Enquirer: 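Okay, here's the structure, questions in a sec.
Labels below follow one simple rule: chain letters A, B, ... track the order of the sequence lines, proteins then strands, and each chain is numbered from 1. Here the structure is a predicted model, which is why all the values come from computation and not from measurement.
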There are 2 protein chains.
Amino acid sequence: MIHVNDGAGFGRQGRAMFSSGSIPQQARSTPDSRSLFDRFAATIFQDALTDVVRARFRALARNFDVSAGNAALSSVEHDRICYLASGATKLVAQASNGREQVIAFHFAGELISIPARSAHDYALCALKDCELVVFSADEFLALANREPGLAGPVLERALAALARCREQSIALGRKTAQERVASFLVTIAGRIGRAEAGGCVIDLPMSRRDIGDSLGLTIETVSRQFGELRDRGLLETSGRSIVRLPDPAGLDALAGHLTHAA
Amino acid sequence: MIHVNDGAGFGRQGRAMFSSGSIPQQARSTPDSRSLFDRFAATIFQDALTDVVRARFRALARNFDVSAGNAALSSVEHDRICYLASGATKLVAQASNGREQVIAFHFAGELISIPARSAHDYALCALKDCELVVFSADEFLALANREPGLAGPVLERALAALARCREQSIALGRKTAQERVASFLVTIAGRIGRAEAGGCVIDLPMSRRDIGDSLGLTIETVSRQFGELRDRGLLETSGRSIVRLPDPAGLDALAGHLTHAA
DNA sequence: CGCCCTTTTGACGGTCATCAAAGGGCGTGG
DNA sequence: CCACGCCCTTTGATGACCGTCAAAAGGGCG
C-alpha cells in the first residue's frame, strides 16, 4: 500500500534506521500476525534464527497496526525497540512551550529505538498506515546479546542511526535555512526517491510542518526555500507531496557538504 | 592526571558515550600498553572475556597517546570504534566554509564511534592529554558479534549515545540560546560535575568556542548567556574553566525541559 | 612580570520567526 | 462526477534574536 523504500534512489546512503522505542498506548494490539513477525526476522536477522531463538523473540514481540496521523507509541516508561514492517513514521520530541522537534523519519524495513520519557517526551507517529513489531528494549537486547550473531545487525543499525543523527546535528547547528532544506531533499531522495529520466522523484509522506520541525525551521521558511529552489530550477512540485529533483547534484552543491576536493 | 568522571555529579544521567571512530593520523602509535587494553576490557566487557577472545581483541587494538589540543583521528577512510581510557575529547564535524559543529564530548571510560569521511568530515580531538584504544569498526563489530554476550554492552552504549545525540538535536533545533546554555551546563554537570555544599562544581575541559560550536552558537553569545546566568545567581566562574552551579534545579528550569507535571 | 590568547562587553545588521491573509489541493458530500 | 469547504501551503510585512565586527579586559603561560 505504501510505496516507500521501493525506489533505487540516487544517493545510496541510507540503510536501516534506528531511532528509539516505547510502549504503544492508543494503538490497538493485534493478537498475532505470523507474516509480520516473519518480515521482521527476515529483514533484521536474515532468517538465520534457530527455532528456539525465534520462538523467544516472538514471545517478546507485540504487533500493532497504526493508521496515518496517529501516535504509535508515546511518552513511554521504558525504552522500546520497534520494527517498522510497512508505512512511514516520525519520531517527535517535545520540549517546553509545545515546541516539537522531529528527530527522525523512518520507512519500511527499519528498526527504531524509542527512548523513555525523561527530560523530553518522545512519540512515534504514523505518517502513513503502519505495521509495527514492538519490543521492550531491555528484553530485546538481553535476548540478542545471549546468542552469537544476533546483536551485530542491530548494532550496525544503531550506529547507522547515530551517524544520521549526527549529520542532522550539523544541519541544525551550523547550516542556513537553504542548506537545511537542500540537505533534507538530498537525504530523503537517497532513502525513498525513485530515479527517473533526468532526475529523481520523491513522494513525501510528511507535511511541510514535519519538514520544518525536523530542520528547526518554521513552515513558512520551508515553503519560501522550496519557492527559491523552484525558481532556480532545482525543484518541481506536483500537488502537496510529489517532488521532482531535476538536478540532484546541483542541489547537493547547496547542501553545505564538504567538497571532496579538500 | 585528568580528573574527569571522578565526581558523583548531581544529574546522574550519563553512562558511557558512543560517538564515532576513525584512523589516527597525526597521533604517534605506542607499540603496546598492557594496562591500557586491560582498562578497556575491564570497563567495556567487565573482564568477562575468555583468553582466546581477549587475544583476538588485542590483536585488533591499537593504542595511542594524544596530547591536549591535537587531533587523535581525522578524516578517516573507514569507521572506527575507540575507547577513551583517560582524558577528554570532542568529536568535531566540518561543513563547508570552515564551519565546525562539535557533535559530542567524551570523558574517560567512554566508547566512541567515529564515522568515515562522507558528506561531512569528522575529527576526534583531545581536549586533555588522552589515552586511546582504537579499533576498526568492522573488525570490532565482527568479533563482538561472533561471541555471545559481547555485543550487548557495546549496543547499550551505542543506544545511549544515540539518545544523547537526539537530546542535542532538540536543543539545536528548537531551543533559545539561554536554554541551550542551561541545558549544556546541566548535562555536563551530570557527567563530570562534583557535588559540593549547596551546588555543583565543574572543571570544564573545553573552551567557550567548543561550547558554542556544540550548541550552534557563537562564542560571544555563549559568553553573554554566561553573564546573564551569573547575574541571576545561577552561575559562578573562577578562572576560565571552573564553573559553580549554586542552584542546579533553577538552571534546569531554564533548560526548556518538559515539566514532569504534564 | 609581561605578553598573548581567551573571554567579555558593546554596537549594528542579517536571517529567520512571527503575525497575517490569500491561494490551492484534496477529501467529502451532494 | 462535480462542487463545496476545510486545511495545508504559499506569499507578504514586520520585528526579534543572535551573528558579525570591533575593542577592551582578564587569565595563564613562559
Enquirer: Can you give me the N/O atom pairs linking the protein to nucleotides 14-20 of chain D at distances under 3.5 Å, or say none if there are none?
Expert:
| residue | atom | partner | partner atom | Å |
| --- | --- | --- | --- | --- |
| D:dC18 | OP1 | B:A177 | N | 2.8 |
| D:dG19 | OP1 | B:G216 | O | 3.2 |
| D:dG19 | OP2 | B:T218 | N | 3.4 |
| D:dG19 | OP2 | B:T218 | OG1 | 3.1 |
| D:dG19 | OP2 | B:T221 | OG1 | 2.4 |
| D:dT20 | O4 | B:R224 | NH2 | 3.1 |

Enquirer: Answer yes or no: is there a donor N or O on one side and an acceptor on the other, between the side chain of A:R208 and the main chain of A:I219, under 3.5 Å?
Expert: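 Here the side-chain-to-backbone pair does not exist.
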Enquirer: I need the B:D247 CG to B:C200 SG distance, nearest 0.5 Å.
Expert: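 It comes to 11.5 Å.
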Enquirer: Among residues at least two apart in sequence or on other chains, which ones pass side-chain contact (heavy atoms from CB on, under 4.5 Å) with B:A85?
Expert: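 Residues passing side-chain contact (heavy atoms from CB on, under 4.5 Å) with B:A85: B:L36, B:R39, B:Y83, B:E131.
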Enquirer: Taking all non-hydrogen atoms of both residues, which atom of B:L215 and which atom of B:R180 are closest, and how far apart?
Expert: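 Residues B:L215 and B:R180, closest heavy atoms: O-NH1, 2.8 Å.
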Enquirer: Bend angle of the helix from C:dC1-D:dG30 to C:dG30-D:dC1 from five-pair axes at both ends, rounded to 10°?
Expert: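 The angle separating the two end axes equals 50°.
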Enquirer: Quick check: closest heavy atoms across A:A119 and B:E167, and the distance to 0.1 Å?
Expert: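 Reported closest heavy-atom pair: CB-OE1, 3.9 Å.
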Enquirer: Using a heavy-atom distance cut-off of less than 4.0 Å, which residues of residues 226-241 of chain A contact DNA chain D?
Expert: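 By residue number: A:R230, A:R240.
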Enquirer: Mind listing the side-chain donor-acceptor pairs of residues 224-236 of chain A below 3.5 Å, one per line with the distance, residues two or more places apart or on another chain?
Expert:
| residue | atom | partner | partner atom | Å |
| --- | --- | --- | --- | --- |
| A:R230 | NH1 | A:T237 | OG1 | 2.6 |
| A:E236 | OE1 | A:R244 | NE | 3.1 |

Enquirer: Rounded to the nearest 0.5 Å, how far apart are CD1 of B:I202 and CZ of B:F184?
Expert: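 Rounded to the nearest 0.5 Å, the CD1-CZ separation comes out at 7.5 Å.
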Enquirer: Are the side chain of A:D129 and the backbone N or O of A:A68 linked by a donor-acceptor pair below 3.5 Å?
Expert: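 Between the backbone of A:A68 and the side chain of A:D129 there is a qualifying donor-acceptor contact (under 3.5 Å).
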Enquirer: Kindly write out the residues that satisfy side-chain hydrogen bond (donor to acceptor under 3.5 Å, both in side chains) with B:S183, not counting sequence neighbours, or none if the list is empty.
Expert: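 B:S183 satisfies side-chain hydrogen bond (donor to acceptor under 3.5 Å, both in side chains) with B:K175 once adjacent residues are dropped.
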Enquirer: Over all strands shown, is A:S223 touching base, sugar-phosphate only, or nothing at heavy-atom distances under 4.0 angstrom?
Expert: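 It contacts base atoms.
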Enquirer: Using atom types as modelled and distance alone, determine if a side-chain donor or acceptor of B:R194 lies under 3.5 Å from a backbone N or O of B:V201.
Expert: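 Between the backbone of B:V201 and the side chain of B:R194 there is no qualifying donor-acceptor contact (under 3.5 Å).
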Enquirer: Hey, can you pull the donor-acceptor pairs under 3.5 Å for the side chains in residues 89-101 of chain A, sequence neighbours left out?
Expert:
| residue | atom | partner | partner atom | Å |
| --- | --- | --- | --- | --- |
| A:T89 | OG1 | A:H106 | ND1 | 2.8 |
| A:K90 | NZ | A:D210 | OD1 | 2.6 |
| A:Q94 | NE2 | A:E100 | OE2 | 3.2 |
| A:S96 | OG | A:R99 | NH2 | 2.8 |
| A:S96 | OG | B:G256 | O | 3.3 |
| A:R99 | NE | A:S96 | O | 3.0 |
| A:R99 | NH1 | B:R174 | O | 3.0 |
| A:R99 | NH1 | B:E179 | OE1 | 2.7 |
| A:R99 | NH1 | B:E179 | OE2 | 3.4 |
| A:R99 | NH2 | B:E179 | OE1 | 3.3 |
| A:R99 | NH2 | B:E179 | OE2 | 2.8 |
| A:Q101 | NE2 | A:D213 | O | 3.1 |
| A:Q101 | NE2 | A:S214 | O | 3.2 |

Enquirer: Just jot down the side-chain hydrogen bond (donor to acceptor under 3.5 Å, both in side chains) partners of B:T221, sequence neighbours excluded, or say none.
Expert: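 side-chain hydrogen bond (donor to acceptor under 3.5 Å, both in side chains) list for B:T221, sorted by chain: B:T218.
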Enquirer: Which nucleotide of DNA chain C is the first, and which the last, in the 5' to 3' direction, to come under 4.0 Å of a heavy atom belonging to chain A?
Expert: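 Using the under 4.0 Å cut-off, the span is C:dC16 to C:dC26.
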